[in-house]
Q: 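Can you keep this structure in mind? I'll have questions shortly.
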Amino acid sequence: MYKCILVATDGSELSQLAVTSGIDLAKLTGAKLVIAKVVPFYARSYFEGSIPVSMDELARIEQQWSDDALVVVDADKARAEAQGVNAKAVVVKSDLVAEGIIAAATQHQADLIVMASHGRRGIKRLLLGSETQQVLTHSHTPVLVLR
């Protein structure tokens, strides 16, 4: 059925439910599991009134974000492997979360993307956007959305 399942996580409680479902589905189908977290690049533009940040400080901040993300995906990988699932932890760097998820799914030849939806509605959805919606509308890989 599935050979490779990519689970997108942001470390939130809701996305951890998606990780659990991804682990269960991978175990059921014998698929490899790729657990991915997207981290942004630090904004390099200067806005009026902002404090300039040195290139060394930018590199340190981005490295800290990557290290924090690695802790999340490594913990999920350990959970999957404890249940007998072949898992890989990846941190994707992208300013656009949805594009990062889709790129990771393509790179790892995933035949399913599993992710959570925060279920925002109305003005909150308009203001905050929906990464899940973007993945659904732009991915050529099937997407399983959990709420």
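FYI, the numbering just counts along the sequence from 1.
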Q: Are Y2 and I35 connected, step by step, through hydrophobic side chains (Ile, Leu, Val, Met, Phe, Trp, Tyr) whose heavy atoms are closer than 4.5 Å?
A: yes
Q: Do the side chains of V34 and L70 join up, straight or via other hydrophobic residues, at under 4.5 Å, putting them in one cluster?
A: no
Q: Using every non-hydrogen atom in the two residues, find where A89 and D74 come nearest and quote the distance to one decimal.
A: CB-OD1, 3.5 Å
Q: Could you report the tightest heavy-atom contact between W65 and V39, atom names first, then the distance?
A: O-CG1, 3.7 Å
Q: Just by modelled atom types, is the P40 backbone N or O under 3.5 Å from a matching donor or acceptor in the D95 side chain?
A: no
Q: Could you tell me whether the side chain of V73 reaches within less than 4.5 Å of the side chain of V90, counting heavy atoms only?
A: no
Q: For the residue pair S15 and A116, what are the closest heavy atoms and their distance?
A: CA-CB, 4.0 Å
Q: Any side-chain heavy atom of D67 within less than 4.5 Å of one from Q63?
A: yes
Q: Indicate the atoms forming the closest heavy-atom contact of L14 with S117, along with that distance.
A: CD2-O, 3.0 Å
Q: Start with the C-alpha distance between V72 and D68, add both sets of side-chain angles, then the distance that settles side chain to side chain contact (heavy atoms under 4.5 Å, CB included), and finish with yes or no.
A: CA-CA 7 Å; V72 171; D68 292 346; over 6 Å; no
Q: Report, as yes or no, whether the 6.0 Å neighbourhood of atom NZ on K3 holds more than 12 heavy atoms from other residues, nucleotides or ligands.
A: no
Q: Nearest heavy-atom pair of C4 and A31: which atoms, and what distance?
A: N-CB, 4.0 Å
Q: From L6 CG over to Q109 CD, what is the distance, rounded to the nearest 0.5 angstrom?
A: 12.5 Å
Q: Is L112 reachable from I101 through a run of hydrophobic residues whose side-chain heavy atoms are each under 4.5 Å from the next?
A: no
Q: Let me confirm one number: the CG-CZ distance from L96 to F41, rounded to the nearest 0.5 Å.
A: 10.5 Å
Q: Suppose we screen for side chain to side chain contact (heavy atoms under 4.5 Å, CB included). Which residues come up paired with S139, at least two apart in sequence or across chains?
A: I102, I113, V135, T141, V143
Q: Check V71, V7, T9, V97 against K37 for a side-chain contact (heavy atoms from CB on, under 4.5 Å) and give me the one that passes.
A: T9
Q: Determine whether more than 12 heavy atoms belonging to other residues, nucleotides or ligands lie under 6.0 Å from atom CD of E81.
A: yes
Q: Could you go through residues 18-25 and list every donor-acceptor pair under 3.5 Å that involves a side-chain atom there, pairing it with any protein atom two or more places apart or in another chain?
A:
{"residue": "T20", "atom": "OG1", "partner": "Q16", "partner atom": "O", "Å": "3.0"}
{"residue": "T20", "atom": "OG1", "partner": "R79", "partner atom": "NH2", "Å": "2.5"}
{"residue": "S21", "atom": "OG", "partner": "L17", "partner atom": "O", "Å": "3.2"}

Q: Between NE2 of H138 and CD of Q133, what distance do you get to the nearest 0.5 Å?
A: 9.5 Å
Q: Show the nearest heavy-atom pair for residues E131 and A98, with the distance to one decimal.
A: OE1-N, 3.1 Å
Q: Quick one: which of L144, V85, T29 gives a side-chain contact (heavy atoms from CB on, under 4.5 Å) with I5?
A: T29
